Amino acid sequence: MKETPSTCCYCGTGCGVIIESDGHAISGVRGDPAHPANFGRLCTKGSTLHLSARHDARALHPELRQQRDGVRRRVKWKEALDFVAQRFAALIERYGPDSVAFYISGQLLTEDYYVFNKLAKGLIGTNNIDTNSRLCMSSAVAGYKATLGADAPPCCYEDIAQAQCLFIVGSNTAYAHPIVFRRIEEARAKNPQMRIIVADPRRTDTASIADIFLPILPGSDVALFHGMLHVMLWEGLCDPDYIARHTEGFDALKETVREYTPQAVATICGVPAADIVTAAKWFGGSGASLSLYCQGLNQSVHGTDKNAALINLHLATGMIGKPGAGPFSLTGQPNAMGGREVGGMANLLSAHRDLANPIHRAEVAKMWGVPEVPAMPGKTAVEMFEAVRRGEIKALWIACTNPVHSLPDAGSVRAALSVAELVVVQDAYRNIDTADYADVLLPATSWGEKEGTVTNSERRISRVRRAVAGPGSSRADWDIAADFARRLARYLGKAEPSFAYQMPEQIFNEHRATTVGRDLDIGGLSYALLEQRGPQQWPFPMGATVGRQRLYEDGVFPTPSARARFANVAYLPVAEATDARYPLHFNTGRLRDQWHGMSRTGTVARLYSHDEEPILEMHADDMARRRLVDGDVVRVSSRRGELAVRVAASAQMRPGQVFLAMHWGSRTMNGAGANALTITAFDAVSRQPELKHAAVQVEKVELPWRMVAMRKGDTVARMARVQPLLRYFGYATCGLYGHGQAVLVLRTAHDAVPDAALLAEIDAALELNEEHAVTYADARRGVTKRALLRDGKVEGVRLAGEVAAAEWLKDWMARDIGADGLRAWLLAPLATPPSGAVSRGRIVCNCHDVAESEIVAEVKHGSGLAALQAKLKCGTACGSCVPELKRLCAQPAAV
Ligand code: SF4
């Protein structure tokens with residue numbers, strides 16, 4: 001058994017993991033007790049990383065399609081990279097450097113990012129390199145730069161324990177950053193006097209810890225922050241001395257917030273004025289106030305203003321640069337920070353240099369050994385795909401991200417990729433929508449197989465280490481990019497810059513050199529030091545023995561005047577107003593157990609157990625008005641597209657708002673997922689698109705015919721075979737289930753009995769068409785039961801017409817219960833479940849496989865959290881379900 005310390009590849013918390021392997025295959029994972037981000041803890045996603053270390057969804061070998069209408073064939077690396085290099089060189093020579101573009105990812109390691117950035121800006125001479133971090137953090141970057149002068153989160157995780165007041169806004173920390181939320185729970189337990197304010201349009205599990213919950217209306221954040229500042233001024237809670245000594249621009253802002261009275265803001269935000277006053281008094285009156293925020297602020301057409309208006313509160317009260325205080329942006333992706341550090345975006349330069357600054361451009365050009373780097377900002381994410389659609393960008397290289405799934409208005413992204421002259425997709429996974437458009441597919445190594453570094457939300461750089469080799473002929477992302485760069489340089493006849501890297505440490509050292517003298521100076525860091533002393537925060541200049549925990553403790557800011565700047569911004573409404581035709585606010589966000597487009601988490605059956613299929617969450621009054629009940633299929637439509645999903649009443653929602661998780665897409669449902677509906681409008685400064693609001697309509701769809709098909713084993717391959725068939729049903733979802741045996745679960749609904757040929761295709765895709773399958777058909781009632789039994793076990797089932805039994809059958813299959821008790825049920829006209837058949841419902845605790853029904857039964861007998869944990873063991877491992885357990889204990893009657 002080999003143990004390899006590394007870092008979790010999911011969220012920006014950046015938890016340390018220990019990978020267990022035999023050197024060939026990964027067999028286990030546990031939290032690294034020595035890592036300062038998590039001290040040994042992992043959430044549901046991190047603790048199942050080893051279950052996702054499988055090869056059946058992976059891209060294994062380079063593939064090339066030379067004709068647009070042809071199929072891709074497997075080729076050697078040399079042929080694939082030479083083909084792309086020749087095509088890129090021809091396009092660059094004919095149309096100029098801006099005819100090509102790179103769309104990369106916050107999932108890449110810093111070393112990967114560095115090489116791609118140097119390739120685009122240094123070798124090719126285009127700033128057309130952007131990343132999915134644009135969808136995630138660019139408003140946070142712009143907010144920090146506008147106010148503090150640099151893109152640097154000033155806080156650290158230890159501040160959570162030292163804060164007297166926590167202001168969580170636009171962040172479902174309990175789901176998106178679970179280990180950060182464990183720290184919040186601990187801090188609250190140790191300091192019951194700590195005040196916690198949560199502001200969010202949805203009453204998420206994060207809100208369950210709040211002393212005051214502000215369910216603000218979508219997009220009204222700036223008004224809320226101005227209203228709080230208005231109260232702080234009125235109550236004398238600002239810090240005039242700090243404002244005078246360390247800031248500028250306060251008088252203009254003071255004038256602006258004059259009209260943001262609690263009453264006026266209460267109307268804009270839809271929350272009681274008294275709560276706004278209380279929140280302001282708590283924030284301004286505490287000894288140390290810490291804000292935690294994320295996509296709710298960032299993913300907005302006014303994202304920069306929202307970030308800046310929140311930072312205003314910290315500057316006005318002097319709540320920055322001291323323990324327990326500051327504006328702490330939680331990064332969504334594992335290395336959004338690293339990408340920012342190397343300047344791997346269309347408007348950034350290496351080491352937080354400014355693209356518009358000729359001195360900065362000259363510095364970077366000198367370091368790379370090139371005559372110049374281009375001055376004109378490149379196309380950012382949404383703009384890049386629009387330019388592809390217009391034919392301005394002719395070749396697009398997409399690495400480690402799935403834009404067909406994740407960019408807004410998925411229909412226009414598909415249209416762009418359809419007309420591109422060349423699409424290169426470099427990814428570890430082939431089970432992604434974007435791979436369908438790849439003319440060239442380049443297989444990359446993934447978590448557990450590659451070396452490098454990442455930076456988490458608190459500026460902490462951690463090593464990512466290789467435990468096993470990548471499958472097939474996959475290669476590290478930096479290695480693919482550097483090999484391509486060397487070939488492209490030959491075709492372009494250029495001698496520079498150098499891409500002669502043999503190992504990622506050389507790249508890290510080159511990146512390190514670019515940071516010296518900058519705000520993020522890591523001149524004193526090295527792989528060896530990270531090996532000896534573990535993860536370190538930046539800055540870590542030469543001669544330092546430890547990284548800097550907090551920034552701006554001296555009140556000196558990296559602006560020309562050395563003062564922080566108040567942002568005098570105004571509240572503006574959302575970009576797309578609701579109206580009579582599209583009367584509902586549509587919101588998107590994360591589930592607890594899935595990650596992004598599910599290419600990795602979507603292969604792990606137990607990660608579906610908490611949320612098995614896409615569900616539109618809606619307020620009960622809105623459902624009643626439309627005569628909807630839980631489980632009905634509805635059509636959600638916007639001006640851009642529509643989706644058929646099931647609906648459920650949710651106590652988290654305010655009237656007039658609906659929510660759909662971002663993870664589902666055409667691999668798991670009939671439709672493109674939430675981004676079939678979203679808008680492409682983006683923030684004028686950060687260029688971050690609005691993913692938190694679109695105007696939609698919801699209507700019932702009558703699809704009386706229902707079918708559920710389930711199959712054990714080979715789930716990923718069978719999912720891939722079923723996926724093209726989903727679109728033939730009025731409603732269809734395909735997911736997994738099970739803690740032991742993995743069961744594929746296909747759910748469909750249709751307006752009439754579908755063609756027999758379609759059902760035969762489903763049977764063939766799931767291999768339910770074997771001769772010895774047992775079939776019961778009641779033509780009069782339109783009911784069919786088909787079961788594949790083998791070695792006394794149920795291998796597969798297809799139920800049509802009447803599907804309620806699927807809820808206990810899936811558990812029967814996952815638990816591998818013998819088929820004997822089933823035969824009578826299978827051949828009986830009435831669906832009376834056999835004894836022992838139980839519909840467990842939603843699984844709340846993934847680690848110990850404990851269902852909501854089992855928890856509620858205990859709660860109804862008087863059990864509290866401690867008793868539940870003692871008896872059922874739920875919430876005693878990773879802790880991700882603890883907020884939900886507390887909610888179930890507090891509201892047993894609501895279940
Ligand atoms: Fe990974 Fe969970 Fe830690 Fe995020 S909180 S880094 S997903 S273990």
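What you see is a predicted model, and the numbers here were worked out from it, not measured in a lab. Counting convention: from 1, in listed order, for ligands and their atoms alike.
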For [atom], closest protein heavy-atom neighbour:
| atom | result |
| --- | --- |
| atom 2 (Fe) of ligand 1 | Cys43 SG, 2.3 Å |
| atom 5 (S) of ligand 1 | Ile179 CG1, 3.4 Å |
| atom 6 (S) of ligand 1 | Cys15 N, 3.4 Å |

Does any N or O in the side chain of Glu458 come within less than 3.5 Å of the main-chain N or O of Asn456, such that one atom is a donor and the other an acceptor?
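Side chain of Glu458 to backbone of Asn456, a donor-acceptor pair under 3.5 Å: no, none is there.
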
Quick check: does any side chain N or O of Glu449 sit under 3.5 Å from a backbone N or O of Ser446, one acting as donor and the other as acceptor?
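Yes, the answer is positive, given that a donor and an acceptor are paired below the 3.5 Å cut-off.
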
Could you give me the CA-CA distance, side-chain angles and deciding distance for Arg592 and Cys43, then say whether side chain to side chain contact (heavy atoms under 4.5 Å, CB included) is met?
CA-CA 9 Å; Arg592 193 191 72 185; Cys43 73; over 6 Å; no

Heavy-atom distances under 4.0 Å decide this one: backbone, side chain, both or neither, for Cys8 against ligand 1?
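Looking at Cys8 and ligand 1, just side chain atoms fall under 4.0 Å.
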
Show which atoms of ligand 1 fall inside a sub-4.0 Å distance from at least one heavy-atom site of Gly14.
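Those qualifying, in numeric order: 6 (S).
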
Determine, step by step, whether Asp151 and Arg340 satisfy the salt bridge (charged side-chain N to carboxylate O under 4.0 Å, His left out) criterion, reporting the C-alpha distance in whole Å, the side-chain angles of both residues, the deciding distance to 0.1 Å, and the verdict.
CA-CA 8 Å; Asp151 171 24; Arg340 288 144 70 173; 2.6 Å; yes

So, 4.0 Å and heavy atoms of Asn38: is ligand 1 close enough to count as a contact?
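Asn38 does not count as a contact of ligand 1 under the 4.0 Å cut-off.
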
One thing to verify: whether Glu20 and Arg30 come together as a salt bridge, which I'm taking to mean a side-chain N less than 4.0 angstrom from a carboxylate O.
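Salt bridge flag = yes for Glu20 with Arg30.
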
Just wondering, is there an N, O or S atom on Cys11 that's nearer than 2.8 Å to atom 4 (Fe) of ligand 1?
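It does; at least one qualifying atom falls short of 2.8 Å.
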
